[in-house]
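In what follows, a structure is listed as structure tokens, so that the remarks can point back to it.
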Number of protein chains: 2
Amino acid sequence: MSEKELRRSLSVLPIGTVMKLTDLTARQIRYYEQQDLVFPQRNDGNRRMYSLNDIDRLLEIKDYLDEGINIAGIKKIYEQQKRERQKRQSERERQLTDPDVRRILRDELMNLGGLGDYDQLHPGS
Amino acid sequence: MSEKELRRSLSVLPIGTVMKLTDLTARQIRYYEQQDLVFPQRNDGNRRMYSLNDIDRLLEIKDYLDEGINIAGIKKIYEQQKRERQKRQSERERQLTDPDVRRILRDELMNLGGLGDYDQLHPGS
DNA sequence: CTTCTCATGTCATGTTTTATAACATGAACC
DNA sequence: GGTTCATGTTATAAAACATGACATGAGAAG
């Protein structure tokens, strides 16, 4: 994952900030989550924490609703997009040879150590 | 201000998030503010809200401290940088003619209306 | 015209997070 | 030994948030 993608997916914004950035109420934001349209992280105190990607998603949902699409429809749209992504992904993987896969896996494992500290990756061990 | 600069200067992060991103304690973050090294915004409820620029600044402060520079020294460094910026800025302005200045001022005023709604710019009026 | 559903509003209650101020402390320095 | 600096710790109050329940207005369906 690129640096930019990583920053966009960091869950750092509380719901109050999200309200201001999206002009949605807390009720709406939580409702969309209940309908499985957004998936905020939770911090240690059970508070919802949102990423910039989540913001984009919420603004998108707002647009769809403004267009008259209901939540069931929006859900279908996202399911469709998810299927598309998975298809492209498996297609990419299909074109990799076995040595490729092993090399990629090894590289990913080598990278793990640099992303956080050991305790965070292995809590209580 | 460019779109990117604007995003980096949006005060959207609560102190808890800043603690995790910078690995500083709340005590440290507030102390650096007390020493005029960072200037977080406050929200309606008097909570400090930080921007990405603030995060950078805090990480920088941490580095300076790790290098053995004390807060008085860090303050001097930032004052110096500020003077440099002001000098370059006034140099740029000096090269503008009076009509230039008037045009720029007018353009900035014209842009104000598009950035927020009227009530926000003129609360209670 | 009633009934139902959907998206959202509102309210009550409990927990978490933050602000502020005060006192405490360890290291470095004189 | 006494000061200063950067930070820790604690107490107290206020703000923000989570959850769950009940309310509601608009539209669809009967």
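No hydrogens, no waters, no symmetry mates; every other heavy atom, side chains included, goes into these values. Sequence lines set the chain letters: A, B, ... in the order given, protein chains first and strands last, and positions in each chain run from 1.
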### Message
Counting only side-chain heavy atoms from C-beta out, which of C/dT8, C/dT18, D/dT7 sits nearest to B/Y31?
### Response
D/dT7

### Task
Measure from CG on A/N70 to P on C/dC4 and round the result to the nearest Å.
20 Å

### Task
Please identify each residue that fulfils side-chain contact (heavy atoms from CB on, under 4.5 Å) with B/K4, with sequence neighbours left out.
B/S2, B/R7

### Message
Is the terminal nitrogen or CZ of B/R27 (NZ for Lys, CZ for Arg) located under 6.0 angstrom from the six-membered ring centre of B/Y32 and within 45° of that ring's axis?
### Response
no

### Message
Measure CZ/B/R42 against P/D/dA15 and give the value in whole Å, please.
### Response
13 Å

## Note on the structure
Side-chain contact check for B/L65: nearest option of D/dT19, D/dT7, C/dA19 is D/dT7

### Spacing of A/N46 atom CG relative to C/dG14 atom C1', expressed in whole Å
12 Å

### Message
Return whichever of A/I69 or A/G45 has its heavy-atom-nearest nucleotide of DNA chain C closer to the 5' end.
### Response
A/I69

Atom pairs under 3.5 Å: protein N/O with N/O of nucleotides 21-29 of chain C:
none

### Summary
Ranking D/dA16, C/dT8, D/dG8 by distance to the side chain of B/N43, first place goes to D/dA16

### Query
B/D44 CG to C/dA19 C1': how many Å, rounded?
16 Å

### Query
For the pair made of OH in B/Y64 and P in D/dA6, what is the distance, rounded to whole Å?
16 Å

### Query
For B/M49 and C/dT18, what is the distance between atoms CE and P respectively, to the nearest whole Å?
10 Å

### Donor-acceptor pair present, A/R47 side chain and D/dA16 base, under 3.5 Å
yes

